[in-house]
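Quick notes on the structure that follows.
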Amino acid sequence: MKALEDCEIMLGVCGGIAAYKSAVLCSNLARHGAKVTVIMTENAKRFVTPLTFSTLSGNKVYSDMWLDSEFYDPKHIAIGKRTRLAVIAPATANVMAKLANGICDDLLTTTVCSMNCDILLAPAMNKRMWDNPITQRNINALCDNGYYFIGPDSGRLACREQGEGRMSEPDIILERILELLHKL
């Protein structure tokens with residue numbers, strides 16, 4: 001996994017039960033030498049704490065654009081400049097809709113808008129949300145704009161239904177990250 005050594009990865013974590021899988025992904029990336037910067041949405045912090053990601057990555061976790069604003073360091077630009085690959089896992093229908101439509105109303109969406117690197121989305125949501133025509137339109141728009149996807153997978157969902165919508169497992173996402181880094 002030499003491709004990950006000293007590689008700057010931005011891991012965006014959105015609000016969904018699959019956020020616990022993102023902690024495993026973060027740990028695996030850091031263990032293989034990646035420099036992981038985690039940006040959590042406010043909703044993500046309802047599922048997993050920033051302390052979890054800070055401990056696993058060895059770095060500060062960001063979620064607020066205005067924190068430390070007395071220092072002129074626009075976080076969304078600074079993080080975007082140094083990132084080699086961005087991964088959003090779980091990528092919720094909400095965040096994908098924002099990205100597809102250029103809505104930048106939090107640190108994650110603003111940072112992604114400023115990036116000039118490949119972006120990998122690992123969707124996670126209920127199968128009805130995944131199948132929604134608006135969600136599918138947003139996915140098509142993201143694909144047309146160069147975003148990459150991994151999953152979602154089929155199986156038991158948090159709502160206790162079966163179907164497509166499960167976030168891919170961390171080891172599968174890691175394989176896809178390595179594929180994308182190899183092509184860069």
- request: Report yes if the side chains of Met10 and Leu108 come closer than 4.5 Å at any heavy-atom pair, otherwise no.
  value: yes
*Any chance the side chains of Ser63 and Lys45 put a donor and an acceptor closer than 3.5 Å?*
yes
Might you work through the side chain to side chain contact (heavy atoms under 4.5 Å, CB included) test for His32 and Glu5, ending with a clear yes or no?
CA-CA 7 Å; His32 292 294; Glu5 286 181 19; over 6 Å; no
### Heavy-atom check, side chain of Pro123 versus side chain of Pro90, under 4.5 Å
no
Decide yes or no for Tyr62 and Pro50: does some side-chain heavy atom of the first lie under 4.5 Å from some side-chain heavy atom of the second?
no
Would you check if Lys98 and Asp106 make a side-chain contact, meaning some heavy-atom pair closer than 4.5 Å?
yes
Please check: side-chain N/O of Asn59 versus main-chain N/O of Val36, any donor-acceptor pairing under 3.5 Å? yes
Tested for side chain to side chain contact (heavy atoms under 4.5 Å, CB included) against Cys14, the lone hit among Leu121, Asn94, Ile39, Val95 is Val95
- Message: Taking the side chain as everything from C-beta on, heavy atoms only, tell me whether Pro152 gets closer than 4.5 Å to Met167.
- Response: no
| Does Ser27 reach the main-chain N or O of Ala23 with its side chain, forming a donor-acceptor pair under 3.5 Å? | no
Take a 6.0 Å sphere around CZ of Arg31 and say whether it holds more than 12 heavy atoms from other residues, nucleotides or ligands. yes
(message) Taking the side chain as everything from C-beta on, heavy atoms only, tell me whether Leu107 gets closer than 4.5 Å to Asp64.
(response) no
Heavy-atom distance under 4.5 Å between the side chains of Leu85 and Leu181, does that happen here? yes
Margin query: So Tyr147 and Ile139, do their side chains get closer than 4.5 Å, heavy atoms only?
Written below: no
Worksheet item: Is Arg82 salt-bridged to Glu8, going by a charged N under 4.0 Å from an acidic O?
Response: yes
